[in-house]
Amino acid sequence: MSKMTFKLGKLVAATIASTLISLSTHAQEIPLDRVVAIVNDGIVLQSELNARIDTIRDQLRERNTAQPQYNVLRKQVLDRLVLDSLQLQLAQQRGIRISDRQLALSLESIARQNDMTLDQFRETVVAEGKSFDTVREQIRRELLITQVQRSVVNSRIRVTEQDLLNYLESDEGKSTSNPELNLSNILFAVPTQASPAMIQEAERKAKALYQELVSGKDFAQSAISYSNAPNALKGGELGWRKLNELPSQLSASLKKAESGTITPPIRTPGGFHIIKVNDTRGGEKVLINQTQVSHILLKPTEIRSNAQTRLKIKELAKRLQDGEPFEQLAKEYSDDPGSGSEGGSMGWTQNGQMVPEFEQMMNSTPIGQRSEPFRTKFGWHILWVQDRRTQDVGTEMIENRARNSIRKRRFNEELENWLREIHSQAYIEIKE
């Protein structure tokens, strides 16, 4: 961002602050807002800070989590509001919008998750003494932030064929399925250009807190008080994660972790992590039935009617019965250009890939046998079922899962890098 932008942001925010002070001087009887932070072209108001602190406190009470000291909570919340402001400004610059329809769908989804209708959700919010319009706009802000994160961070991530190959050849990639862990974390961040002394101090703090945690100190409260991670105000909650979606340093330490485990500090490029395993699930194989099948397809055309096509496929069935090779007839007659050139081979297929009539005939035809001619929307077929097997996942599914895992892992790492970048490049002035 240019120096001119910095000056403009400071001037705009200072003007707003000056106006608020002036109004307060001439109308002392009216409680007015004040600026607590200037963030590039935007500001953070005391009312925003108070409202967010109240929300966090309500959430902590609902989870029966001990409240941190006010000054500690205030700093964490203000830091988060500054980052939110930076991301919302970027969303505006990029023309990212959340339509009323998108917002309505999100509100309905939140209501359903709480076993409510939208009207019941609105009534509950009002009954708790909150403004539904305020809650609605806060959700819009959160959706905007999510959108801008996906837009920017995903554009910074590249998954090459070599990345995919390396992943699939690793022990992690060879695993057909991964257990899911419900995790919370505490991060003692280390700047990119940190000195050895800064790294040692972060490690010392992490080790000291780890000893307190294994002695019974509340993890969620500690995350709010000490963590530098974006999820600190949520008590460090990360939710359900698969091992292969975590940075390699973390997944290596959690491979055999059980519910309730708290790890010693783990070093990553971003700092020192303390991870708590809240719960575990899954880990079983997902078995898929596959059939090795070939087919001959004849399609009706302008010069060959459906009745003529039916007669022709019956003729081919008779020739197969008389001993002519399936591959040869498929290459000569099949109207499926993909499999026809391969002697009719469709490789290993599974339910969900073909039309229902095809799958029904494929599943009912014994191994080594050919089907009777049958019709689908594509034309007339003869199948030859060569073999069956049960697989955990097909190659395509493995590769898709691998790509998604690589992107998810890099997204979490890249998000932290990007947030640090925009924070370091911004003009930020905290008003004490």
Side-chain angles (χ1 to χ4, degrees), residues 17 31-39 42-88 125 128-131 134-135 137-139 141-142 145-146 149 183-191 201-202 204-206 208-213 215-239 262 265 270-276 278 415-416 419-420 422-424 426 428-432:
L32 293 176
D33 229 337
R34 73 180 187 91
V35 174
V36 292
I38 299 172
V39 187
I43 58 173
V44 178
L45 296 172
Q46 182 70 53
S47 58
E48 296 178 75
L49 180 59
N50 292 343
R52 188 68 66 89
I53 289 173
D54 289 343
T55 299
I56 298 299
R57 282 178 158 175
D58 289 344
Q59 292 171 351
L60 294 177
R61 276 192 291 269
E62 289 174 4
R63 294 198 297 259
N64 294 319
T65 301
Q67 301 277 344
Q69 293 181 355
Y70 176 79
N71 61 333
V72 173
L73 179 60
R74 182 185 186 280
K75 181 182 182 304
Q76 284 277 18
V77 173
L78 184 55
D79 289 345
R80 175 52 44 191
L81 287 173
V82 167
L83 273 178
D84 286 355
S85 178
L86 289 171
Q87 293 173 89
L88 290 168
V125 168
E128 292 176 353
K130 300 173 185 174
S131 164
T134 300
V135 171
E137 288 311 305
Q138 178 57 33
I139 292 171
R141 286 162 58 95
E142 291 172 2
I145 289 170
T146 299
Q149 287 178 354
L183 304 175
S184 297
N185 80 319
I186 295 172
L187 170 64
F188 286 85
V190 174
E201 178 62 12
R204 183 193 67 77
K205 289 180 178 179
L209 179 58
Y210 168 71
Q211 293 300 328
E212 294 182 34
L213 291 169
S215 298
K217 188 177 179 68
D218 185 86
F219 195 97
Q221 182 185 4
S222 299
I224 295 170
S225 299
Y226 303 109
S227 180
N228 303 128
N231 62 338
L233 292 174
K234 295 181 179 179
E237 292 179 2
L238 288 170
I262 297 177
F272 293 91
H273 296 260
I274 301 173
I275 306 293
K276 181 180 179 182
N278 302 311
L415 175 60
E416 289 187 15
L419 290 175
R420 283 197 295 268
I422 63 173
H423 189 278
S424 65
I428 298 170
E429 181 182 342
I430 304 299
K431 299 286 188 179
E432 296 300 336

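- The two residues L78 and A37 have their closest heavy-atom pair at CD1-CB, 4.2 Å.
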* To do: Apply the test side chain to side chain donor-acceptor pair (under 3.5 Å) to residues D218 and T65: give CA-CA distance (whole Å), side-chain angles for both, the deciding distance (0.1 Å), then the verdict.
  => CA-CA 8 Å; D218 185 86; T65 301; 4.9 Å; no
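- In this structure, the side chains of R61 and Q67 come closer than 4.5 Å at one or more pairs of heavy atoms.
- Residues satisfying the side-chain contact (heavy atoms from CB on, under 4.5 Å) test with S85, not counting sequence neighbours, are V39, Q89.
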* Candidate pair V36 and L81, rule side chain to side chain contact (heavy atoms under 4.5 Å, CB included), full reasoning -> CA-CA 10 Å; V36 292; L81 287 173; over 6 Å; no
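- The side-chain contact (heavy atoms from CB on, under 4.5 Å) search around A229 returns N185, L187, S227, N231, not counting sequence neighbours.
- The closest side-chain heavy-atom distance from R57 to L73 is below 4.5 Å.
- Listed by first and then second residue, the side-chain hydrogen bond (donor to acceptor under 3.5 Å, both in side chains) pairs involving residues 68-80 are K75-D79 (not counting sequence neighbours).
- Closest non-hydrogen pair, G235 versus F219, comes out as O-CD2, 4.3 Å.
- Applying the side-chain contact (heavy atoms from CB on, under 4.5 Å) test to E128 and every residue at least two apart in sequence or in another chain returns T124, K130.
- For L88, the side-chain contact (heavy atoms from CB on, under 4.5 Å) test picks out R141, L144, I145, with sequence neighbours left out.
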* side chain to side chain contact (heavy atoms under 4.5 Å, CB included) evaluation trace for I422 with Q87 -> CA-CA 9 Å; I422 63 173; Q87 293 173 89; 4.1 Å; yes
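- Residue-environment remark: OH (Y226) stays at or below the threshold of 12 foreign heavy atoms within 6.0 Å.
- Residues N278 and L183 approach most closely at ND2-C, 3.4 Å, considering heavy atoms.
- Between P68 and L60, some side-chain heavy-atom pair lies under the 4.5 Å cut-off.
- E142 pairs by the salt bridge (charged side-chain N to carboxylate O under 4.0 Å, His left out) definition with nothing, not counting sequence neighbours.
- V77 is listed as a side-chain neighbour of L49, based on a closest heavy-atom distance under 4.5 Å.
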